[in-house]
Every structure is written in structure tokens, then in C-alpha cells.
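In what follows, every chain begins at residue 1, and chains take the letters A, B, ... in the order their sequences are listed.
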Number of protein chains: 2
Amino acid sequence: MSSKKPTVYDVAKEAGVSIASVSRSLRTPESVRPATRKLINRAIDRLGYVPSGSAQSLAARRTGVIGLFMSNLDELDDLQDFTLSSVDDARVEIDPAHHADSHRNDSLYYDQVLRGCELETWRRGLSLMVNLGLDRNEKGLTQLAGEMVGKVDGLIVMARSVPDSTLEFLRRRVPVVMVADAPSDNEAGYDLVRVSNRKGMRKLVQHLVDTHHVDDFAYIAGPDDSPDNHKRYVGFCEGLRSRNINPETVPIYRAGFSFAVAHTITQDMVARHKIPRVMVCANDQMALGVCKALTDGGIRIPQDVIVTGFDGISESETNTPRITTVSQPMRNLGRAAVSTMVQRLENPDAEPYAIELPVTLLLRESSEGELTKEQESTSD
Amino acid sequence: MSSKKPTVYDVAKEAGVSIASVSRSLRTPESVRPATRKLINRAIDRLGYVPSGSAQSLAARRTGVIGLFMSNLDELDDLQDFTLSSVDDARVEIDPAHHADSHRNDSLYYDQVLRGCELETWRRGLSLMVNLGLDRNEKGLTQLAGEMVGKVDGLIVMARSVPDSTLEFLRRRVPVVMVADAPSDNEAGYDLVRVSNRKGMRKLVQHLVDTHHVDDFAYIAGPDDSPDNHKRYVGFCEGLRSRNINPETVPIYRAGFSFAVAHTITQDMVARHKIPRVMVCANDQMALGVCKALTDGGIRIPQDVIVTGFDGISESETNTPRITTVSQPMRNLGRAAVSTMVQRLENPDAEPYAIELPVTLLLRESSEGELTKEQESTSD
DNA sequence: GTGAAAGCGCTAACAC
DNA sequence: GTGTTAGCGCTTTCAC
């Protein structure tokens with residue numbers, strides 16, 4: 001197969017020029033006489049030459065690679081040793097229904113951000129190195145991150161996928177751009193790309209009040225320690241206050257971002273006939289749980305109860321009724337992160353960048369009732 | 001911020017040893033006296049030293065990075081320049097219902113494979129470099145791949161994401177592992193990881209005949225130029241023949257893997273009252289289209305018509321009824337690809353590996369009717 | 001066990 | 001324009 005890999009020297013010899021010309025011909029073609037360039041190119045593809053990335057990076061002091069670090073806990077379960085075996089058959093399995101597992105959606109979120117990074121990174125002629133930084137303990141994570149940081153020009157880090165101390169360490173070596181959130185004590189220090197949770201929720205509430213003239217709310221909250229959850233709640237309160245509704249009169253139910261808990265809570269409401277006019281949920285999963293409990297209880301959405309979610313996961317769209325939600329531009333989060341990184345790389349001493357991407361309030365049946373229906377079987 | 005990055009020399013000086021000892025202490029700690037090792041470690045974290053990946057790779061002649069190359073055409077549409085702007089608001093949008101876009105599922109497939117690669121790559125202490133190899137023309141693709149190939153120890157390539165000629169080029173430099181399919185003329189030459197399309201479909205058909213005693217089939221086929229489609233059809237025929245049904249008596253409808261086309265075709269069947277007992281679809285999207293048309297036409301699934309799909313996309317599970325399908329182990333495809341690559345790297349001169357992952361036949365309501373339902377609100 | 005020194009393959013002054 | 005040369009930061013013989 002791949003015998004000895006040809007180097008600049010081989011190319012230079014083959015073309016009868018110096019290695020400098022070869023290098024120039026590749027980096028700055030216009031600084032080389034067309035004739036020699038042709039010579040060199042001929043030699044290059046005669047030899048099948050490809051420059052060594054390592055050597056280039058070492059000499060040029062830049063790798064052209066951006067690292068993406070996000071920890072994703074989903075995978076831990078089935079992480080047994082994977083052994084290659086060419087089993088020669090198809091298994092059969094009865095597949096009983098089960099609730100959509102909540103963590104699957106996390107994955108979706110990450111996938112989208114990753115995709116955005118890939119996209120933008122590619123557009124700019126850079127490479128992307130990905131690291132999910134799985135289970136490891138704090139020490140392992142730090143080591144993992146350390147390995148990566150030696151290979152990249154900059155590191156994009158998903159919020160809370162790495163301990164703050166490690167972050168500081170990484171940052172001594174390369175620029176770091178945070179996604180979604182930065183260490184609270186140092187918010188001003190990191191470049192940051194995030195999404196306007198607060199404004200999205202505020203807008204949603206204002207819309208509900210203005211359009212549907214409702215004022216009997218309940219809030220289904222996520223975990224107390226989630227910054228997202230907190231910001232959404234703040235936006236919720238702002239929205240209410242801006243319409244002269246006192247947020248303190250609105251009951252909060254804590255469902256920890258969980259379908260099941262939200263479902264139970266709502267069942268209970270239904271049983272007690274204690275149902276608010278609007279149930280604002282801090283994420284889509286909970287909204288789905290709420291909807292199911294309501295529907296099963298014979299409550300109509302949105303005629304009896306308006307339900308809203310947050311995030312814009314795909315289930316919010318496939319559910320019946322579809323859920324009004326605040327959709328996060330996940331893909332663009334990734335793109336923005338890369339763009340920010342590129343700016344930082346070009347301008348190492350600039351002030352910290354902090355950009356906030358707008359969210360989109362998607363009005364759907366769970367709040368608006370029947371919507372315009374076009375394009376039914378149009379899509380041939 | 002990140003001032004001068006410390007090097008081995010700095011560490012050596014700080015610790016009062018030679019750079020060789022520093023290097024050894026990192027690579028083969030046991031070859032260094034514990035005392036000096038301690039000295040060195042102290043110096044290392046006093047300086048915040050991180051070895052340069054480029055230099056390591058260059059000297060060690062290996063990068064520890066595996067490249068993943070998959071072209072994904074989904075993104076082309078909205079690929080306008082992305083500019084950073086900190087728009088300070090949330091947009092509102094009426095969001096009318098629309099069919100699940102078919103390409104979204106491709107993405108899902110890629111995401112899963114990618115995730116599998118990431119997982120396995122991480123488990124083995126390697127890094128993963130991803131490249132979606134977007135729109136470029138053939139020449140651009142080749143160049144893109146060329147850039148990547150200089151930075152990695154091996155390249156995992158998704159079937160048909162790169163022209164065959166380029167593949168040959170890449171292969172001169174590093175080992176290449178193909179995913180899903182290899183160039184037909186050279187199938188024996190490439191390491192290959194794939195899925196048993198044929199066996200899966202055969203098993204499915206056999207199950208249907210054996211369990212439901214049906215023999216009145218129709219086959220909804222994908223595009224003629226899809227190898228997957230072809231293999232599935234072959235499996236379909238095999239299954240029938242093994243049960244003494246002549247495949248030639250079974251009508252084929254070509255719906256090009258498209259929801260919409262399958263939908264139209266089925267509507268037509270319904271209108272003409274010309275409906276088979278079983279509709280075997282070459283992928284899930286088409287099965288979904290079929291189901292919708294049948295359900296809208298008042299036909300019961302599976303009592304009147306059994307419908308089956310292929311792939312195991314998430315919609316096959318969220319649909320009502322859930323679709324019996326042959327699920328591909330996408331995640332494991334990625335893991336297997338990385339494993340194969342690692343083996344190849346360790347053993348450059350071994351015979352080409354070709355492994356085939358088993359698929360899983362998931363029996364669900366669209367063929368079996370009511371299934372055991374447990375775990376309803378168990379998941380607290 | 002440890003140090004000196006020779007590369008790894010490239011880029012970028014600096015001469016010519 | 002083109003060639004010469006000195007690194008880039010590390011690994012790895014080879015002596016000691």
C-alpha cells in the first residue's frame with residue numbers, strides 16, 4: 001500500500017528545484033514563475049505528494065484546527081467494549097412502546113451545535129476536532145482536554161462540560177470560546193456565544209397575554225441548578241410584569257425538565273379540577289408530558305388549556321397538537337462559536353466577545369388552535 | 001492571555017534535567033527514576049506545560065488522529081455567509097404544519113455514525129477529525145480530502161462521499177476504511193464496514209409469511225441507482241423464494257425513497273380498491289407515506305394491510321401505528337469503522353477487513369397489531 | 001537512569 | 001524568482 005510518503009525534498013528533486021520553491025508554490029503560488037509552478041505541480045501529482053499537516057503546523061505555528069469539546073452523558077450506559085464480529089444474521093425483536101427517553105433530545109441538541117461548527121469550520125477552510133469528553137472524572141477530563149488543546153488553535157467548549165479550573169488551564173494555552181454559558185464568576189473573561197432564553201420566554205408570555213387575553217398562568221419549571229431554567233423563569237416574570245400581572249401569584253411546579261414528572265403533576269391537576277388557563281413549561285419535554293396528561297384527561301388544547309414549551313425539539317412538532325415553543329438556533333450556535341473563534345484568533349487582544357443569538361417564537365396549535373393549512377400533498 | 005507557550009526546554013530547565021528526560025517522563029514514565037519524575041511533573045504544572053501535538057506527531061510519525069469524511073448534501077440550501085450579529089430580540093413566527101422533510105433523516109443517519117466514531121475513537125485515546133465535505137465539485141472534494149489526509153493516521157470514508165479516483169489517491173497516503181459501501185470495481189481492496197441489508201429484508205419477509213400467513217405482497221422500491229435499495233430488494237426476493245412465493249408475481253412500485261411519492265402511489269391504490277395484503281417498503285419514509293394514505297383512506301393497519309419499513313428512523317417509532325422496520329445499527333457502524341481502522345493501523349499488511357453488522361428486525365404495530373404494553377407511567 | 005544530538009517535514013527569513 | 005539555512009518542539013538512538 002502506501003509506501004514511503006513523499007516529502008518536499010522528493011518533490012523538489014523530482015522537479016529539479018529547491019524545497020523553498022515547492023513550499024512557495026503551495027502557499028503563495030503567485031510568487032513563483034508559472035513555468036516552475038507547472039514543473040512542481042507535475043512532480044507533485046506524479047509522486048502523489050501531500051504535505052504533512054504536523055510539519056506544517058509545527059513550522060507555521062498554527063494548526064488550522066479548531067477543537068470542539070462537549071461532554072455528553074448519554075453514552076455512558078452502553079459503553080461496553082466494542083468488539084468486531086461479523087455476525088451473519090439479522091436479529092428479531094419485539095419492540096414494545098416506550099416513552100421517548102429524555103436524554104435523546106440532549107443528543108439532538110449537541111448534534112446540531114456540532115453540525116453548525118462543522119459547517120462554519122469547513123466554510124473557512126479549517127478543520128474541526130471533536131471530543132465528547134465522556135464519563136471521565138474531573139482529572140480525566142482535564143487530561144483529555146489537555147491532549148486536545150495541544151493539537152488545536154482554539155477550543156470551543158460547551159457550557160459545564162469541563163470544570164472551571166480546567167477551563168482556566170486550557171485558556172493559558174489557546175483561546176477558548178464558551179457555548180451557552182460561561183463560568184459565572186468570570187463571565188466577563190470568556191468569549192461567549194449564547195441564546196436569549198430570557199427574551200424568548202418574555203416574548204412568549206407577552207404574546208399569550210396580548211393575543212389570547214389570558215392571565216391565569218402556571219409555570220412548569222426545570223431543575224433549580226439549571227442556568228437555562230433560571231433565565232427562562234426570569235423572562236417569564238418579566239413578561240408578566242410588563243403586562244401588569246404579578247408573577248408572585250403564579251404557581252410554580254418543579255418538574256426537573258422531565259416528561260414523566262410533568263405528566264404526573266398534570267394528572268394530579270386534572271384529578272383535582274384545579275387547572276390553569278395557561279401552562280408555560282420551561283422545556284418541550286415537560287410540555288409534551290403536560291399535553292399527554294391533559295388530552296388523556298379529556299381536556300382540550302388550547303380551548304381549555306394553552307400549553308407552551310421551550311427549545312424546539314422535533315417532538316414538539318410531531319406531537320398532536322403541535323406545541324408552541326421557543327426554538328433555539330442550535331445550528332447557528334455552532335456557527336457563531338466558530339466565527340467568534342476565528343475573530344479571536346485574528347485578533348488575540350480584543351475585548352472578550354459575547355454574542356447572543358435570537359430565538360424564534362414558534363406559534364403552533366397548542367396555543368393558537370387551528371392554523372392555516374396549505375401544502376398538504378403539494379410536495380411532489 | 002496565553003503568553004509564550006512553554007516547551008520541553010522550558011520544563012527541562014525548570015526541573016534541572018534534560019529534555020530527553022522530560023519526554024521520557026511523559027511517554028514512558030517507568031523509565032525514569034521516581035525522584036526525577038516528580039521534579040519534572042512539578043515543573044510541568046508550575047509552567048502549565050502542554051506538549052505540542054504537531055511536534056509530537058512530526059517526531060513520532062503518527063498523529064493519533066483519525067479522520068472522518070462524509071459528504072452531506074442537506075446543508076447546501078441555507079449556506080449563506082454567516083455573520084455575527086448580536087440581534088437583541090426574539091422573533092415570532094407562525095409555524096404551519098409541513099411534512100417531515102426527507103433529508104432530515106439523512107442527517108440523523110450521519111449524526112449517529114459520527115457519534116459512534118467519536119465514541120470509539122475516544123475510548124481508544126485517539127482524536128477524531130470530522131469533515132462533511134460539503135458542496136464542492138469533484139476537484140474541490142479531492143483537495144479537501146487531501147488537506148485532511150495530511151493530518152490524520154487514517155481516514156474513514158462514508159460511501160460515495162468522494163469519487164473513486166480520489167479514494168485511490170487518499171489511500172496512497174493513509175489507510176482508508178469505507179463505511180456502508182466500497183467502490184464496486186475494487187470491493188476486495190478496501191476495508192469495509194457495512195450492514196446486512198439483504199439479510200434483514202429476507203428475515204422480515206420470512207417472518208411475515210411464517211407468522212401472518214400472508215402471500216399477497218407489494219414492494220415499494222427506492223431509487224434504481226441506490227445500492228442499498230438494490231440489496232434490500234434482493235433480500236426481499238430471497239425471502240419470498242424461501243417460502244415458495246415467486247417474487248416475479250409481486251408488483252414493484254418505485255417511490256424513490258420519498259414520503260410524498262409513496263403517499264401518492266398508495267392513495268391511488270386506495271382509490272382503485274387495488275390494495276395488497278402487505279406493503280413492504282424499502283425505507284421508513286416511504287412506509288410513513290404509505291401509512292398516512294392508508295389511514296386517511298380508512299384502511300386499517302395491520303388488520304387490512306400490513307406495512308413495513310427499513311432503517312429504524314425515529315419517526316418510525318413515533319408514528320401511529322409504529323412501523324415494523326429493520327433497524328440499522330448506525331452508532332455501531334461508526335464504532336466498527338474506528339475499530340477496523342485501529343486494527344489496520346496496527347497491522348498494515350493484513351488482508352482487507354470486511355465486516356458486516358447485523359441489523360435488527362423490530363416488530364411493531366404496523367405488522368403485529370397490539371403489542372404488550374408495560375411501562376406506561378413507570379418512568380419516574 | 002540520563003544527556004547529547006540527530007532528525008521528523010515544513011515555513012520563513014535572508015541572500016543571491 | 002529562487003536557493004540556503006535556521007529553526008518549529010518533540011522523539012529517539014546512542015553513548016555514558
Side-chain angles (χ1 to χ4, degrees), chain A residues 2-41 43-44 47-65 146-147 149-153 173-174, chain B residues 2-41 43-44 47-65 146-147 149-153 173-174:
Chain A
S2 51
S3 46
K4 266 303 161 306
K5 298 169 184 176
T7 72
V8 249
Y9 296 99
D10 300 320
V11 176
K13 193 185 303 172
E14 176 85 12
V17 299
S18 76
I19 62 165
S21 294
V22 177
S23 181
R24 283 197 199 95
S25 174
L26 259 34
R27 310 244 72 69
T28 50
E30 65 281 7
S31 71
V32 155
R33 196 186 305 154
T36 26
R37 201 189 311 160
K38 180 165 290 180
L39 234 49
I40 292 173
N41 285 333
I44 284 184
L47 265 44
Y49 167 74
V50 172
S52 149
S54 323
Q56 286 183 308
S57 310
L58 182 56
R61 262 162 284 262
R62 61 181 294 279
T63 65
V65 179
E147 272 161 37
V149 84
K151 299 179 177 168
V152 302
D153 291 336
R173 252 245 153 194
V174 299
Chain B
S2 52
S3 46
K4 265 301 160 307
K5 297 170 185 177
T7 73
V8 249
Y9 296 99
D10 300 320
V11 175
K13 193 185 303 171
E14 176 84 13
V17 298
S18 77
I19 63 164
S21 293
V22 176
S23 181
R24 283 196 198 95
S25 173
L26 257 35
R27 306 248 75 67
T28 49
E30 64 281 7
S31 73
V32 154
R33 196 185 306 153
T36 26
R37 200 189 313 159
K38 181 164 291 178
L39 234 48
I40 293 173
N41 285 333
I44 285 185
L47 266 45
Y49 167 73
V50 172
S52 147
S54 323
Q56 285 183 308
S57 309
L58 182 56
R61 263 161 285 260
R62 61 182 292 279
T63 64
V65 179
E147 272 161 37
V149 84
K151 298 179 179 171
V152 302
D153 292 334
R173 250 241 154 200
V174 299

How close or far is atom [atom2] of [N] from atom [atom1] of [X], stated in whole angstroms?
X	N	atom1	atom2	answer
A:Tyr49	C:dG9	OH	C1'	7 Å
B:Lys38	C:dG1	NZ	P	18 Å
A:Arg62	C:dA12	CZ	P	10 Å
B:Leu39	C:dG3	CG	P	10 Å
A:Ile40	D:dG1	CD1	C1'	11 Å
A:Ile44	C:dC10	CD1	C1'	13 Å
A:Arg27	C:dC10	CZ	P	10 Å
A:Ile19	D:dT5	CD1	C1'	9 Å

Side-chain donor-acceptor distances from residues 33-40 of chain B under 3.5 Å, at least two apart:
{"from": "B:Thr36", "atom 1": "OG1", "to": "B:Arg33", "atom 2": "O", "distance (Å)": "2.7"}
{"from": "B:Arg37", "atom 1": "NE", "to": "B:Pro29", "atom 2": "O", "distance (Å)": "3.2"}
{"from": "B:Arg37", "atom 1": "NH2", "to": "B:Pro29", "atom 2": "O", "distance (Å)": "3.3"}
{"from": "B:Arg37", "atom 1": "NH2", "to": "B:Val32", "atom 2": "O", "distance (Å)": "3.3"}

Within the structure provided, determine whether [X] and [Y] are in side-chain contact (heavy-atom separation under 4.5 Å).
X	Y	value
A:Lys151	B:Lys151	no
A:Tyr49	A:Val8	yes
B:Lys5	B:Thr7	no

Per nearest nucleotide of DNA chain C, the residue lying toward the 5' end, B:Arg33 or B:Leu58, is B:Arg33
Looking at [X], does any N or O in its side chain come under 4.0 Å of the phosphate oxygens OP1/OP2 on [N]?
X	N	result
B:Ser23	D:dT11	yes
B:Thr36	C:dT2	yes
B:Arg61	C:dC8	no
A:Ser31	D:dG1	no
A:Ser18	D:dG3	yes

Residue [X], side-chain atoms from C-beta onward, closest of [options]:
X	options	value
B:Thr7	D:dG1, C:dC10, D:dG9	D:dG9
A:Ala55	C:dT2, C:dC8, C:dC10	C:dC10
A:Arg24	C:dA5, C:dC14, C:dC10	C:dC14
B:Ala20	D:dG9, C:dC10, C:dA4	C:dA4
A:Gln56	D:dG1, D:dG9, C:dT11	C:dT11
A:Tyr9	D:dT11, C:dC10, D:dG9	C:dC10
A:Val8	D:dT11, C:dC8, C:dC10	C:dC10

For B:Val22, which contact category applies under a 4.0 Å heavy-atom criterion: base, sugar-phosphate, or nothing?
nothing
Spell out, as yes or no, whether a donor-acceptor pair under 3.5 Å connects the side chain of B:Arg173 to the backbone of B:Val149.
no
Under a 3.5 Å distance rule, please check whether B:Ser52 uses its side chain to pair with a backbone N or O of B:Ala55 as donor and acceptor.
yes
Can you run through DNA chain C from 5' to 3' and write each base as (, ), [, ], | or . depending on how it pairs? Watson-Crick or G-U wobble, both distances under 3.5 Å.
||||||||||||||||
Mind checking what makes side-chain contact (heavy atoms from CB on, under 4.5 Å) contact with B:Ser57, not counting sequence neighbours?
A:Ser54, B:Thr63
Upstream residue (5' side of DNA chain D) when B:Pro6 and A:Ser21 are each assigned their closest nucleotide
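Closer to the 5' end of DNA chain D: A:Ser21.
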